[in-house]
Amino acid sequence: MIDIHCHILAGIDDGAQNFRDSVEMASMAANDGIETIVCTPHVKYPEYQNSGDDIAKRVENLQAALDSESINLKLHVGADVHIDLDLTSKLASGRSPCINETKYFLLEPNHTILTPNLDRYCSRLLDDGFVPILTHPERLAWVRSNFELVKHLRKMGVLMQITANSLDGAFGRRSKDLALRMLNEQIVDVVATDAHNTTSRPPILSKARTFLEREYGERLATKLVYGNPLTILSNGKI
């Protein structure tokens, strides 16, 4: 399995708080069957002023520690990028990193209020050659009353990533219902952990994969936790 959304880097956002936390998260992920993680700290000004160069250095350091402890996990650079008026230039320069230097990047909009003209904003990013992956739309408060917009965004080419733990109700009934609705509407492209720690938000994908296999079949389950993530990492076409 491949996890393209994980806050495993220590001390730079609301994820892992120290280096040992990062290593423990990595060990848990590897034991769960995750082979690859994209390290995706928040890039949100002014709260989390993370940059591509710093993220890359931290990924390199963590990878070295995992290798030294024989934790079989491959790390890649990414970010959980929040909406920014100057986002295209930041993506182009690498200040806000795409996933593994591809055209794909995680885009996290406001959780409670629908960003005005979000479709036009995403359209400009697509026109500029970048592919947004909308993070955890099932957990965004405005999605239920704007579900047709989400479907429209997907039709435009914006990819959709739901959170593994949403499928077992960890984020509440509303998030689970929306996740299932998106699956039933066939507009989910990736399932990822969005892990922040080893307790309340752990890097576990196997439970979601088992659920998907049971409810939707092995083919779709593999596609969402491995096939599409691999295509994203290799800059292929979804």
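Computation of the quantities below employed the complete heavy-atom set of this structure, encompassing side-chain atoms and omitting hydrogens, waters and symmetry-equivalent molecules.
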Exercise. Could you please spell out the steps behind the side-chain contact (heavy atoms from CB on, under 4.5 Å) verdict for M156 and S123?
Key: CA-CA 7 Å; M156 286 169 48; S123 179; 3.8 Å; yes
Self-check item: side-chain contact (heavy atoms from CB on, under 4.5 Å) between D80 and Y48, worked out
Solution: CA-CA 10 Å; D80 193 2; Y48 304 116; over 6 Å; no
Exercise. Could you please spell out the steps behind the side-chain contact (heavy atoms from CB on, under 4.5 Å) verdict for L159 and I238?
Key: CA-CA 8 Å; L159 302 186; I238 301 293; 3.7 Å; yes
Self-check item: Test salt bridge (Lys or Arg N to Asp or Glu O under 4.0 Å) applied to E148 and K151, step by step
Solution: CA-CA 5 Å; E148 290 302 313; K151 291 173 66 175; 3.8 Å; yes
Quiz item: Can you list the steps and then say if V150 with R154 is a side-chain contact (heavy atoms from CB on, under 4.5 Å)?
Solution: CA-CA 6 Å; V150 174; R154 181 61 191 87; 5.8 Å; no
Practice problem: For the pair D3 and T193, evaluate side chain to side chain donor-acceptor pair (under 3.5 Å) and give the outcome as yes or no after the intermediate values. | Solution: CA-CA 7 Å; D3 185 13; T193 69; 2.5 Å; yes
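Side-chain N or O atoms of D168 include one that pairs as donor or acceptor with a backbone N or O of A170 at under 3.5 Å. Not one N or O on the side chain of S175 forms a donor-acceptor pair closer than 3.5 Å with the backbone of G172.
Side-chain contact check for L106 versus P132: every heavy-atom pair is 4.5 Å or farther apart. Between M28 and I204, some side-chain heavy-atom pair lies under the 4.5 Å cut-off. Within the 4.5 Å cutoff, the side chain of W142 has heavy atoms near those of the L118 side chain. Counting heavy atoms from C-beta outward, M1 and S206 have side chains that approach closer than 4.5 Å. Looking only at side-chain heavy atoms (C-beta outward), E35 and I2 stay at 4.5 Å or farther from each other. Looking only at side-chain heavy atoms (C-beta outward), T40 and I4 stay at 4.5 Å or farther from each other.
Side-chain contact, H5 with Q161: a donor N or O sits under 3.5 Å from an acceptor N or O. Checking N72 against S70 by side-chain atom types alone, no donor-acceptor pair falls below 3.5 Å. No hydrogens or angles considered: nothing links the side chains of T88 and R124 as a donor-acceptor pair under 3.5 Å. Side-chain atoms of H42 and N50 include no donor-acceptor pair closer than 3.5 Å. Side chain to side chain, T222 and R209 meet the donor-acceptor criterion of an N or O pair below 3.5 Å.
Judged by the 6.0 Å distance and 45° axis criteria, K223 is not positioned over the aromatic ring of Y216.
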Side-chain donor-acceptor contacts of residues 224-234 below 3.5 Å, not counting sequence neighbours, with atom names and distances?
| unit_1 | atom_1 | unit_2 | atom_2 | d |
| --- | --- | --- | --- | --- |
| N228 | ND2 | D189 | O | 2.8 |
| T231 | OG1 | G227 | O | 3.1 |
| S234 | OG | L230 | O | 2.9 |
| S234 | OG | T231 | O | 3.2 |

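Tracing side-chain contacts under 4.5 Å through hydrophobic residues (I, L, V, M, F, W, Y), one never reaches F211 starting from F171; they form parts of separate clusters. Note on L125 and L149: same hydrophobic cluster, where clusters join Ile, Leu, Val, Met, Phe, Trp and Tyr whose side-chain heavy atoms are under 4.5 Å apart, directly or indirectly. Both L62 and V77 belong to a single network of hydrophobic side chains, linked directly or stepwise wherever heavy atoms of I, L, V, M, F, W or Y lie under 4.5 Å apart. Residues I83 and F105 share a hydrophobic cluster, clusters being chains of Ile/Leu/Val/Met/Phe/Trp/Tyr side chains in contact below 4.5 Å. The hydrophobic cluster containing L220 also contains L205, counting ILVMFWY residues as joined when their side-chain heavy atoms lie under 4.5 angstrom apart, directly or transitively.
Note: S166 OG to D194 CG = 9.0 Å, rounded to the nearest 0.5 Å. M182 contributes atom CE, which lies 8.0 Å from atom CG of L178 (distance to the nearest 0.5 angstrom). Note that the CZ atom of R201 and the OG1 atom of T198 stand 13.0 Å from one another [nearest 0.5 Å]. A distance of 13.5 Å separates CG of D119 from NZ of K155, quoted to the nearest 0.5 Å. Taking CD1 of I34 as the reference point, atom SG of C6 lies at 7.5 Å (rounded to 0.5 Å). Separation of atoms CG (N100) and SG (C39) is listed at 11.0 Å; rounding is to 0.5 Å.
In terms of heavy atoms, H82 sits closest to L107 at C-CD1, 4.4 Å. When all heavy atoms of I8 and A26 are compared, the pair lying nearest together is CD1-N, 3.8 Å. Closest approach of Y104 to I133, counting heavy atoms only: CB-CD1, 4.0 Å. Summarising the geometry of L126 relative to G157, their closest heavy-atom pair is CD2-O, 4.0 Å, with the distance given to 0.1 Å. For the residue pair A179 and L167, the shortest heavy atom distance occurs at CB-CD2, 4.0 Å. Closest of all the heavy-atom pairs between H7 and P41 is ND1-CA, 3.8 Å.
The residues K207 and D32 are annotated as not salt-bridged, no charged nitrogen and carboxylate oxygen being separated by less than 4.0 angstrom. For the pair E47 and K44, the salt-bridge criterion is met [side-chain N within less than 4.0 Å of a carboxylate O]. The pair D84-K90 meets the salt-bridge criterion, with a side-chain N (NZ, NE, NH1 or NH2) lying under 4.0 Å from an Asp/Glu carboxylate O.
When the shell of 6.0 Å around CD of E69 is examined, it contains more than 12 heavy atoms from other residues, nucleotides or ligands. Heavy atoms from other residues, nucleotides or ligands lying under 6.0 Å from CZ of R144 number more than 12. Heavy-atom neighbours of Q63 CD from other residues, nucleotides or ligands within 6.0 Å: above the threshold of 12. The 12-atom threshold is not exceeded at CG of D53, counting heavy atoms of other residues, nucleotides or ligands nearer than 6.0 Å.
Shown here are the side-chain contact (heavy atoms from CB on, under 4.5 Å) partners of R181, two or more places apart in sequence or in another chain: F147, E185. Annotation: side-chain contact (heavy atoms from CB on, under 4.5 Å) contacts of R58 (sequence neighbours excluded): L9, I12, D54.
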